[in-house]
Every structure is written in C-alpha cells, then in structure tokens.
Amino acid sequence: MSKFADFDKGNNSIASTNIMRKFIVAGNWKMNTTVPEGVALAKAVAEKSKEVPANVELVIAPPFTHLGAVAAAVEGSKVALSAQNCADKAKGAYTGEISVDMLKSVGCEYTILGHSERRQYYGETDGKLVEKMKLALEAGIKVILCVGENLQEREAGKHFDVCRSQIENVLYHFSAEDMANVVIAYEPVWAIGTGKTATAEQAEEIHASIRNTVEAKFGRETAQDMTILYGGSCKPSNAKELFAQPDIDGGLIGGAALKADDFIAIALSF
Ligand code: 13P
C-alpha cells in the first residue's frame with residue numbers, strides 16, 4: 001500500500017489537498033475467450049476482487065458478445081464492466097456496430113476508446129473518437145481514452161508530441177466537467193504484447209507530460225484529478241515499480257488480464 005502511504009501528487013500530501021484521483025486497474029481482454037471461458041474468468045476475478053483495497057477500482061473489458069453474461073457474473077462484486085469500443089452513431093442502419101445505449105443497457109460503466117489496435121487496423125481517427133466520446137459521455141458511460149506512440153515515433157524522439165496531439169485532438173473538444181468521466185491510458189505501441197515494458201522512468205516522464213497537456217486546457221485541479229493508466233506488457237513483476245511513480249495511477253492490462261491471479265496481483269501492486 002505504499003502508493004497511498006506516500007501519496008505526494010504535485011508535492012502535496014493527500015491530507016492537504018482535495019485530489020480526487022482514482023487508482024484503476026483495467027483488463028482489456030481484446031478478442032480473446034469464448035463466452036463460457038469469459039464468464040469463468042470474470043467469476044474468478046470477481047471472487048478474488050475481495051482482496052483488492054476499496055480505493056483501487058477494478059474494470060474488465062470483455063468482447064461485446066460477452067457483456068451481458070459477464071455483467072451477471074460480476075454482479076454484486078466491485079468489478080466494473082467496460083466495452084472495448086463503441087459506435088460513432090447513436091442508432092440506426094449501421095450494420096455490425098454497437099451503440100452506447102446498447103452498452104448502457106447491459107450495465108457497461110466504461111468504454112475504452114482509441115486503442116492503438118483500433119487506430120492501426122481499423123482506421124480510427126481522432127475525429128471519429130470525438131464523435132464516439134460525445135455519445136459515450138452523453139449516455140453516462142465513462143471513457144478510457146488510449147494514446148501512445150509507435151516505435152518509429154519513439155525512435156525519432158516524437159513521443160511527447162504524438163501523445164500531446166492525440167490528447168489535444170480529442171479531449172480539447174470537451175469541458176473540464178467532462179474530464180471527471182475520462183481516464184487516459186498511455187500505451188506505447190512498441191510495448192503492447194511484445195513483452196517490452198516502458199521503464200518506470202520512461203512511462204513517468206510521458207505521464208507527467210500528459211498531465212501537463214490536460215492542465216494547459218482544463219487547469220491544475222482537473223489535471224491533478226485525472227487518472228492516467230499505463231499499458232503495455234504490464235504484469236505482476238513490473239506493476240509495483242510502475243505504479244509507484246507519482247503520475248501513474250494504475251494500468252490497462254492486456255495479456256495478464258486473461259489470468260485472474262495475475263490481474264489481481266497487479267491490482268495489489270499499489
Ligand atoms: P499487453 O498487456 O498484452 O501488452 O496489452 C496492453 C494493452 O494493449 C491493453 O489495452
């Protein structure tokens with residue numbers, strides 16, 4: 001529990017500020033598990049979630065097909081449900097799409113938006129993300145917005161600029177009040193599914209710069225309250241060091257979220 005003991009965000013002790021920042025560990029299951037496998041995994045996570053302190057929020061994002069069954073499996077536990085994406089239209093003739101109202105109706109509290117796999121493989125643009133985010137927030141669904149540079153951008157020293165423009169292009173279309181329902185996930189593309197984690201120092205310097213980008217538009221209080229997650233080969237063996245950084249408020253977990261024990265071990269790493 002060291003994270004809470006020496007909570008020192010912005011050089012203030014938690015006792016002397018009104019910082020509302022939440023710590024979150026979220027599991028992005030991506031396109032993995034069948035429905036029965038997913039229900040079994042969700043049940044195991046819900047059962048073990050009793051070990052996780054009250055001030056760490058647990059979120060799981062199964063595939064769309066699983067949401068109803070997984071909602072039932074985690075009911076009554078502290079595990080919140082997220083989608084991995086949503087449509088950029090409210091309803092109607094958009095074959096194959098899933099609306100925010102549909103997500104709300106199965107009990108989704110969150111949706112992930114702008115994951116690098118969606119940006120890279122499905123042409124998701126910042127403009128589309130603005131539309132999706134508007135619909136999600138209007139429907140009362142919180143957004144986990146993913147940003148992050150690819151390997152080429154990192155090697156060219158553009159990682160700060162890439163993250164800044166991804167934040168500006170999407171979040172700057174919203175209000176400071178909206179930010180209460182937004183979480184940012186920094187996921188360097190070169191660290192996703194590769195086993196290569198950003199070092200705690202590499203992650204922290206980007207997280208701090210992301211927080212500055214939020215502050216430039218929305219002010220210090222909103223920036224200090226913003227939860228910023230790290231994602232990319234985060235696992236039980238490296239979570240503690242990452243989460244100990246002053247601007248890293250939890251993780252968006254891929255591979256390790258598919259094992260209940262690993263996912264919970266990560267949530268116990270603050
Ligand atoms: P891995 O943890 O498998 O690297 O995936 C991270 C991720 O993309 C979570 O959204």
Side-chain angles (χ1 to χ4, degrees), residues 23-33 37-38 41-42 45 56-64 66-67 70 79-86 103 108-122 124 129 132-133 136 141-151 153-154 159 162-163 166-167 170 182-200 202-203 206-207 210 227-243 245 248-269:
F23 301 114
I24 299 176
V25 172
N28 175 10
W29 294 6
K30 308 190 181 183
M31 198 171 72
N32 290 299
T33 73
E37 287 165 354
L41 174 57
V45 169
V56 176
E57 204 175 316
L58 277 182
V59 180
I60 54 175
F64 288 134
H66 300 33
L67 289 171
V70 166
V79 181
L81 197 60
S82 176
Q84 298 176 14
N85 184 28
C86 70
L103 297 179
C108 271
E109 225 179 285
Y110 287 90
T111 184
I112 297 171
L113 288 180
H115 192 281
S116 61
E117 288 148 15
R118 300 229 40 100
R119 293 178 190 259
Q120 191 180 344
Y121 306 134
Y122 302 98
E124 193 120 296
L129 292 173
K132 291 182 177 197
M133 191 156 152
I141 293 180
K142 292 177 262 188
V143 169
I144 302 173
L145 177 71
C146 301
V147 300
E149 81 285 357
N150 62 31
L151 185 60
E153 291 161 339
R154 166 135 315 238
H159 39 298
V162 168
C163 293
Q166 286 173 338
I167 300 272
V170 181
V182 174
V183 169
I184 298 172
Y186 168 60
E187 300 205 308
V189 179
W190 48 271
I192 296 177
T194 59
K196 241 188 190 179
T197 321
T199 64
Q202 281 174 324
I206 291 268
H207 278 235
I210 288 171
T227 299
I228 307 178
L229 308 179
Y230 169 79
S233 300
C234 185
K235 41 189 182 266
S237 59
N238 58 26
K240 214 176 187 70
E241 198 189 349
L242 288 159
F243 296 175
Q245 302 302 313
I248 302 181
D249 310 311
L252 181 55
I253 318 300
L258 298 172
K259 289 189 186 139
D261 285 342
D262 285 357
F263 185 59
I264 296 297
I266 292 170
L268 293 173
S269 299

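Scope of the values below: all heavy atoms of this structure, side chains included, with no hydrogens, waters or symmetry mates. Numbering of ligands and ligand atoms starts at 1, following listing order.
For ligand 1, the polar-atom distance check against Ser233 finds a nitrogen or oxygen pair separated by under 3.5 Å. The shortest N/O to N/O separation between Gly255 and ligand 1 falls below 3.5 Å. Residue Glu117 has no N or O atom closer than 3.5 Å to an N or O atom of ligand 1. Considering backbone and side-chain N/O of Gly231, none are found under 3.5 Å from N/O of ligand 1.
Only the backbone of Ala191 comes within 4.0 Å of ligand 1, judged by heavy-atom distances. If you look at Ile192 next to ligand 1, the close heavy atoms, those under 4.0 Å, come from the backbone and the side chain alike.
In this structure, Leu258 and Trp29 have side chains that are in contact, with non-hydrogen atoms separated by less than 4.5 Å. Put simply, the side chain of Lys30 reaches to within 4.5 Å of the side chain of Glu117, judged on heavy atoms. At a threshold of 4.5 Å between non-hydrogen side-chain atoms, the residues Leu268 and Val56 do not count as touching. Tyr230 places none of its side-chain heavy atoms less than 4.5 Å from the side chain of Asn238. Looking at heavy atoms from C-beta onward, Cys146 lies out of side-chain contact with Leu229 at the 4.5 angstrom threshold.
Counting heavy atoms of neighbouring residues, nucleotides and ligands inside a 6.0 Å radius, atom NZ of Lys259 does not exceed 12 of them. Other residues, nucleotides and ligands contribute over 12 non-hydrogen atoms within 6.0 Å of the CD atom of Glu153.
For the residues Lys235, Gln84, Glu187, Lys196, the heavy atom positioned nearest atom 9 (C) of ligand 1 is part of Glu187.
Every atom of ligand 1 with a heavy atom of Gly232 under 4.0 Å away is listed here by number and element: 4 (O), 6 (C). Under a 4.0 Å criterion applied to the non-hydrogen atoms of Leu252, ligand 1 contributes the atoms 9 (C), 10 (O).
Ranking the protein heavy atoms by distance from atom 2 (O) of ligand 1 puts Gly254 N, 2.9 Å first.
When only modelled atom types and interatomic distance are considered, Glu187 and His115 share a side-chain donor-acceptor pair under 3.5 Å.
Put simply, part of Gly193 is less than 4.0 Å from ligand 1, judged by heavy atoms.
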